Amino acid sequence: TSAEVLMKSAIKRDPEYVDALLGLVQVWFGMEDTGLISSEQFISRSAPILDRVDGLDPGNGLLLGMRSKHAQIRGESAAEAKLLERAITASPGNANLYSMYADYLLGERNSEDALTQLNKAIQLDPLNANFYRSRANYLMQLQRFEEAEQAALKSLVDEVRCDLVLTTG
């Protein structure tokens, strides 16, 4: 992908550029999430990068969050939870970490706590339509249908608004 090429270019210029290293891992995370690469490919590509970041910035919240994805893939639920909690403590302003933790909690059948974490993500990034889509799904599972409908509509409105901004610049 073009994002992958850009991140690799930045890393080539500065092999210790932590944001670019983690940006590359996030690109692969998205590719794994959408099925463009397998979970095994995600781990094999990202593990060496995460090890490099660990040597540069061992307490980095996003590093811990990406390591939690590895734990999830390996079925290590307890490790996943601990890594996500540490990640949020290290980077409390990162909305994506709250969303990841919400997904973890939902997988553990803890919909109410998942919704709480997702609401924190929305507070940090209120224009992220994906968070509202997730919120609608969580609310459906809790059988809070009117709220789910409002969240779904909000995600559509925000997605259209984002498309308008991108196309009209």
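Bear in mind that the values here come from a model prediction, so they are computed numbers and not experimental data.
- Scanning all heavy atoms of the two residues, the minimum distance from A102 to Y138 falls at C-OH, 3.4 Å.
- Counting only residues at least two apart or on different chains, the side chain to side chain donor-acceptor pair (under 3.5 Å) pairs with a member in residues 42-51 are S46-H70, D51-R67.
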Please tabulate, for the side chains in residues 19-26, all donor-acceptor contacts under 3.5 angstrom to protein atoms that are two or more places apart in sequence or on a different chain.
none

Show me the side-chain donor-acceptor pairs of residues 84-92 shorter than 3.5 Å, one per line, residues at least two apart or across chains.
residue: E85; atom: OE2; partner: Y101; partner atom: OH; Å: 2.8
residue: T89; atom: OG1; partner: E85; partner atom: O; Å: 3.0
residue: S91; atom: OG; partner: G61; partner atom: N; Å: 3.4

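- Hydrophobic cluster membership differs between M100 and L83, with clusters built from Ile, Leu, Val, Met, Phe, Trp and Tyr side chains linked at under 4.5 angstrom.
- For M31, the CE atom counts as densely surrounded, since its 6.0 Å shell holds more than 12 non-hydrogen atoms of other residues, nucleotides or ligands.
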Start with the C-alpha distance between E32 and S39, add both sets of side-chain angles, then the distance that settles side-chain hydrogen bond (donor to acceptor under 3.5 Å, both in side chains), and finish with yes or no.
CA-CA 6 Å; E32 187 271 342; S39 297; 2.7 Å; yes
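- A continuous path of hydrophobic side-chain contacts links L62 to I43 [ILVMFWY only; heavy atoms under 4.5 Å].
- The line from CG of L127 to CG of D125 is 6.5 Å long, rounded to the nearest 0.5 Å.
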Distance-only criterion, 3.5 Å: show the donor-acceptor pairs between side-chain atoms of residues 5-17 and protein atoms not counting sequence neighbours.
residue: D14; atom: OD1; partner: E16; partner atom: N; Å: 3.1

Solution key, residues 107-124 side-chain donor-acceptor pairs under 3.5 Å, sequence neighbours excluded:
residue: E108; atom: OE2; partner: S77; partner atom: OG; Å: 2.9
residue: N110; atom: OD1; partner: D113; partner atom: N; Å: 3.3
residue: N110; atom: ND2; partner: D113; partner atom: OD2; Å: 2.9
residue: T116; atom: OG1; partner: E112; partner atom: O; Å: 3.2
residue: N119; atom: OD1; partner: R135; partner atom: NE; Å: 2.8
residue: N119; atom: ND2; partner: L115; partner atom: O; Å: 3.3

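- Both F42 and L63 are members of a single hydrophobic cluster when ILVMFWY side chains are connected at heavy-atom separations under 4.5 Å.
- Applying the salt bridge (Lys or Arg N to Asp or Glu O under 4.0 Å) rule to R52 yields no partners; only residues at least two apart in sequence or on another chain are considered.
- Residues F29 and Y98 share a hydrophobic cluster, clusters being chains of Ile/Leu/Val/Met/Phe/Trp/Tyr side chains in contact below 4.5 Å.
- With hydrophobic clusters built from ILVMFWY side chains whose heavy atoms lie under 4.5 angstrom apart, V27 shares a cluster with V53.
- The line from CG of N128 to OG of S99 is 7.5 Å long, rounded to the nearest 0.5 Å.
- The closest side-chain heavy-atom distance from W28 to Q41 is not below 4.5 Å.
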